[in-house]
Amino acid sequence: MQRRRAARTENEEPAIDIVSRIQRAEPELSPAERQVAAAVQLDFEAATRLTIADLAAKAGVSQPTVTRFCRSVGCASFNDFKISLASTMTVAAVYLRSDRVFSDDIGQLAQSVMLRAANAVQACLEQLDTAAVGRAIDAIAEGRRLDIYGQGGGSAVMAEDAKLRLFRLGIPVAAYTDGHQQRMSASTLQPGDVAFAISNSGQSKAVVEAIQIAASFGATTIALTRPGSPLAKAAGIVIPIVIPEDDNVLVPTPSRYAHMAVIDTIASGVAQKLGARGREALRRVRYTLTAIGVAIPTPSTDPTKLMQTLKPHE
């Protein structure tokens with residue numbers, strides 16, 4: 001009997017992060033189920049103490065709808081959902097709420113935006129394919145040249161941010177946000193080069209075609225995008241991320257924070273992979289900025305005559 005009990009314990013599914021699961025499932029929920037999700041997300045901790053009738057009334061839906069919502073996020077019943085939520089809150093409550101209480105409208109707005117950003121990063125970490133990120137780091141660190149593609153408001157900004165994070169490591173890198181230039185760039189790549197595309201939807205025709213062109217000339221292709229999208233199908237290395245967007249068009253899209261976190265992870269990994277080469281490039285950048293008074297000085301010194309002759313604010 002003890003052996004059977006041990007076997008069951010070994011085969012049990014690990015505890016799930018129900019908060020991340022709600023966020024990932026939200027785009028597939030029915031309108032009524034989304035009302036339940038919204039009611040839960042207003043106060044995760046309070047939701048662990050509600051009865052099914054209480055939650056149904058709070059969401060303005062029927063009790064069967066609450067049950068369907070629970071099943072949609074992978075729980076067998078409402079009680080199973082409450083247990084999973086309580087387990088998540090025990091481990092991660094500090095990341096899902098703030099102890100500070102705001103009485104002013106701006107404070108409440110800041111809390112809403114910033115906690116939404118924190119939740120998006122947490123959801124990204126929960127689903128991150130670390131093997132794919134590792135392959136992307138290796139390809140960029142070992143590549144001869146890196147071209148980055150992004151189109152539209154969010155992805156274009158992320159492409160530029162990725163360039164700024166990586167060029168400081170001494171990597172030849174360029175970012176392109178124009179569709180024609182993306183295709184032209186891709187056609188000049190060759191084996192040993194890397195094309196990195198960033199797209200939340202994965203539907204941008206120009207970006208997809210640029211990655212296809214780059215691959216046809218032998219370049220390594222990387223995509224940070226939704227799984228199963230046209231871009232994901234076109235790229236050789238796919239970092240799949242799904243972050244539900246907010247219905248409120250007045251606030252930033254949560255995916256932007258998740259993509260930024262992945263880009264920072266890749267940049268940090270490339271820096272570690274480059275070792276002394278990356279540290280030397282970063283040291284030169286910091287020394288140069290320090291010499292003109294726009295960076296915090298560090299104890300490091302620079303042996304080059306050019307750096308020695310520069311004066312603060314020169």
Side-chain angles (χ1 to χ4, degrees), residues 20 120-151 154-177 182 185-186 188-200 202 207-208 210-215 217-229 231-243 255-286:
S20 296
V121 173
Q122 185 192 22
C124 177
L125 180 60
E126 175 73 16
Q127 61 186 280
L128 190 65
D129 184 340
T130 55
V133 173
R135 291 194 296 273
I137 289 171
D138 290 342
I140 293 172
E142 297 166 7
R144 183 185 68 91
R145 164 186 163 191
L146 171 64
D147 283 8
I148 307 173
Y149 308 139
Q151 206 165 32
S155 296
V157 171
M158 290 299 99
E160 289 290 342
D161 185 67
K163 180 189 74 174
L164 291 172
R165 293 285 284 119
L166 291 163
F167 91 86
R168 294 178 296 177
L169 300 175
I171 297 174
V173 56
Y176 299 94
T177 59
Q182 289 167 356
S185 153
T188 67
L189 298 179
Q190 56 186 298
D193 296 335
V194 180
F196 179 19
I198 303 167
S199 174
N200 183 41
V207 174
V208 173
I211 287 296
Q212 291 171 335
I213 292 169
F217 286 108
T220 300
T221 54
I222 304 169
L224 173 56
T225 189
R226 288 177 179 267
S229 66
L231 180 57
K233 294 175 182 177
I237 300 173
V238 180
I239 303 173
I241 296 295
V242 178
I243 302 295
S255 61
R256 184 167 66 96
Y257 304 110
H259 287 176
M260 189 180 301
V262 174
I263 289 168
D264 281 353
T265 300
I266 291 174
S268 298
V270 172
Q272 292 178 2
K273 190 84 175 178
L274 292 176
R277 171 188 161 193
R279 284 194 298 273
E280 173 62 11
L282 288 170
R283 186 190 65 78
R284 290 187 181 192
V285 170
R286 174 167 285 278

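Residue numbers run from 1 in the order of the sequence given. Only this structure's heavy atoms are used, side chains among them; waters, hydrogens and symmetry mates stay out. The model shown is predicted, which means the values in this text are computed figures rather than measured ones.
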Exercise. Mind checking whether V270 and L274 have side chains closer than 4.5 Å, heavy atoms only?
Worked result: yes
For this session: For residues Q127 and I243, determine if any side-chain heavy atom of one lies less than 4.5 Å from a side-chain heavy atom of the other.
Result: yes
Exercise. Just how far is it from atom CG of D161 to atom CE of M260, taken to the nearest 0.5 Å?
Worked result: 5.5 Å
Problem set entry | Closest contact, heavy atoms only, A162 versus I198 | CB-CD1, 4.4 Å
Exercise. Where do G202 and T225 come nearest, in terms of heavy atoms and distance?
Worked result: CA-OG1, 3.2 Å
For this session: Could you tell me the separation between the OG1 atom of T130 and the CD1 atom of I137, rounded to the nearest 0.5 Å?
Result: 10.0 Å
Seminar exercise, completed: CD1 of I213 to OG1 of T221, rounded to nearest 0.5 Å, is 12.5 Å
Exercise. Which value, rounded to the nearest 0.5 Å, describes the distance between R279 atom CZ and L282 atom CG?
Worked result: 9.5 Å
Exercise. Looking at NZ of K273 and CD1 of I140, how far apart are the two atoms once the value is rounded to the nearest 0.5 Å?
Worked result: 12.0 Å
Problem set entry | Distance, nearest 0.5 Å, that separates OG of S255 from CZ of R226 | 7.5 Å
Exercise. Closest heavy-atom contact between T265 and V133?
Worked result: CG2-CG1, 4.2 Å
Exercise. Is there a side-chain contact between R283 and R286 (heavy atoms, below 4.5 Å)?
Worked result: no
For this session: Determine, step by step, whether D147 and D193 satisfy the side chain to side chain contact (heavy atoms under 4.5 Å, CB included) criterion, reporting the C-alpha distance in whole Å, the side-chain angles of both residues, the deciding distance to 0.1 Å, and the verdict.
Result: CA-CA 8 Å; D147 283 8; D193 296 335; over 6 Å; no
Exercise. Yes or no on side chain to side chain contact (heavy atoms under 4.5 Å, CB included) for S268 and R165, after CA distance, side-chain angles and deciding distance?
Worked result: CA-CA 9 Å; S268 298; R165 293 285 284 119; 3.8 Å; yes
Seminar exercise, completed: Tightest non-hydrogen contact, residues Q182 and Y176, listed as NE2-O, 2.9 Å
For this session: Please report the shortest heavy-atom distance between T188 and S185, naming the atom on each side.
Result: OG1-O, 2.7 Å
For this session: For side chain to side chain contact (heavy atoms under 4.5 Å, CB included), just list the numbers for D129 and I239, CA-CA rounded to whole Å, side-chain angles, deciding distance to a tenth of an Å, and then say yes or no.
Result: CA-CA 6 Å; D129 184 340; I239 303 173; 5.6 Å; no
For this session: Check whether any side-chain heavy atom of L224 sits under 4.5 Å from a side-chain heavy atom of F196, and report yes or no.
Result: yes
Problem set entry | Side-chain heavy atoms of L166 within contact of L169, under 4.5 Å | yes
Exercise. Under a 4.5 Å cut-off applied to non-hydrogen side-chain atoms, are I241 and L128 in contact?
Worked result: yes
Exercise. Do you know which two heavy atoms are closest between T177 and A156, and how far apart they sit?
Worked result: CG2-CB, 3.6 Å
Exercise. Under a 4.5 Å cut-off applied to non-hydrogen side-chain atoms, are P227 and V242 in contact?
Worked result: yes
For this session: Evaluate the side-chain proximity of T220 to E142: yes if any heavy-atom separation is below 4.5 Å, no if none is.
Result: no
